[in-house]
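For reference, the structure discussed in these notes is given below.
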Amino acid sequence: MDSEAYVESVLRLVEQIPPGRVMSYGEIAACIGTGGPRQVGAVMAEYGGGVPWWRVVRADGSLPPSHDARARERYRLEGTPMRGDRVEMRRAAWVPDGAVGGL
DNA sequence: GGAATGACGATAA
DNA sequence: ATTATCGCCATTC
C-alpha cells in the first residue's frame with residue numbers, strides 16, 4: 001500500500017509535536033499537503049497507537065468524544081494550556097519548525 | 001461505478 | 001453555547 005508513506009508522514013509530524021502543544025487534523029493534513037483531515041484521522045485510528053495521539057486535536061481545540069477523557073489526563077500531566085474542556089489553540093496551536101515565526 | 005462511512009471542518013439556524 | 005447540514009478525501013462494501 002502506498003498509504004504506508006502517508007502514514008509515515010502523519011506519524012512523523014505527530015511525533016514532532018512538543019509537549020504542551022497540539023495540532024489539529026486539518027493543520028496536519030495541510031502540512032502534509034495530501035489527503036484531508038479524515039485521512040489523518042483514519043491513520044491515527046489505525047497507527048496512532050505509537051504516537052502522542054492526544055496532541056492531535058480537532059480544529060476548535062476539542063478532542064473526539066471517544067478519546068476526550070483519555071486526553072485530559074495527558075493534558076494535565078504535560079501542562080497543555082486548556083480553557084475549560086477545550087485546548088487553548090491560541091497558545092497551544094503548533095506548527096513544525098521553520099514553517100512559523102513562533103520561535 | 002455507486003453508496004456508505006469515518007479520531008474532520010465550516011457554516012447555518 | 002448547541003444541534004443540524006453540507007462539503008472534503010480516501011477507504012470499504
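Proteins come first, then strands; the chains are lettered A, B, ... in the order of their sequence lines, and each starts at number 1.
- Using a cut-off of 4.0 Å between Lys/Arg side-chain N and Asp/Glu carboxylate O, A:Glu15 and A:Arg12 are scored as not salt-bridged.
- Chain A approaches DNA chain B over the interval B:dG6 to B:dA10, counting the first and last nucleotide 5' to 3' with an atom under 4.0 Å from its heavy atoms.
- The shortest distance between side-chain heavy atoms of A:Glu46 and A:Val7 does not fall below 4.5 Å.
- No side-chain heavy atom of A:Trp94 sits less than 4.5 Å from a side-chain heavy atom of A:Glu27.
- Within residues 53-79 of chain A, no residue places a heavy atom under 4.0 Å from DNA chain C.
- The distance from atom CH2 of A:Trp53 to atom CE of A:Met44, rounded to the nearest 0.5 Å, is 9.0 Å.
- Residues A:Leu11 and A:Tyr47 meet the side-chain proximity criterion, which asks for heavy atoms closer than 4.5 Å.
- Remark: A:Arg86 CZ to A:Arg83 CZ distance equals 8.0 Å, nearest 0.5 Å.
- A donor-acceptor pair under 3.5 Å is formed between the side chain of A:Ser9 and the backbone N or O of A:Ala5.
- Under the 4.5 Å side-chain criterion, counting only non-hydrogen atoms from C-beta, A:Arg21 is not in contact with A:Arg91.
- You'll find the side chain of A:Val43 reaches within 4.5 Å of the side chain of A:Tyr6, heavy atoms only.
- Of all non-hydrogen atoms in A:Ala92 and A:Val87, the two that sit nearest each other are CB-CG1, 3.6 Å.
- Residues from residues 9-21 of chain A that place a heavy atom under 4.0 Å from any atom of DNA chain B: there are none.
- Heavy atoms only, all atoms of each residue included: A:Ala29 and A:Gly36 are closest at CB-C, 3.5 Å.
- The shortest side-chain heavy-atom distance between A:Thr80 and A:Arg74 does not fall under the 4.5 Å cut-off.
- The side-chain heavy atoms of A:Val22 and A:Tyr75, taken from C-beta on, include a pair separated by under 4.5 Å.
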Please tabulate, one pair per line, all N/O donor-acceptor pairs under 3.5 Å involving side-chain atoms of residues 55-71 of chain A, not counting sequence neighbours.
| unit_1 | atom_1 | unit_2 | atom_2 | d |
| --- | --- | --- | --- | --- |
| A:Arg55 | NE | A:Glu78 | OE1 | 3.1 |
| A:Arg55 | NH1 | A:Ile17 | O | 2.8 |
| A:Arg55 | NH2 | A:Glu78 | OE1 | 2.8 |
| A:Arg55 | NH2 | A:Glu78 | OE2 | 3.0 |
| A:Asp60 | OD1 | A:Ser62 | OG | 2.9 |
| A:Asp60 | OD2 | A:Ser62 | OG | 3.0 |
| A:Asp68 | OD2 | A:Arg72 | NE | 3.4 |

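- Side-chain contact check for A:Val95 versus A:Cys31: every heavy-atom pair is 4.5 Å or farther apart.
- Near DNA chain B, meaning a heavy atom under 4.0 Å away, the residues from residues 25-43 of chain A are A:Tyr25, A:Gly26, A:Pro37, A:Arg38, A:Gln39, A:Gly41.
- Near DNA chain B, defined here as any heavy-atom distance below 4.0 Å, there are no residues from residues 85-94 of chain A.
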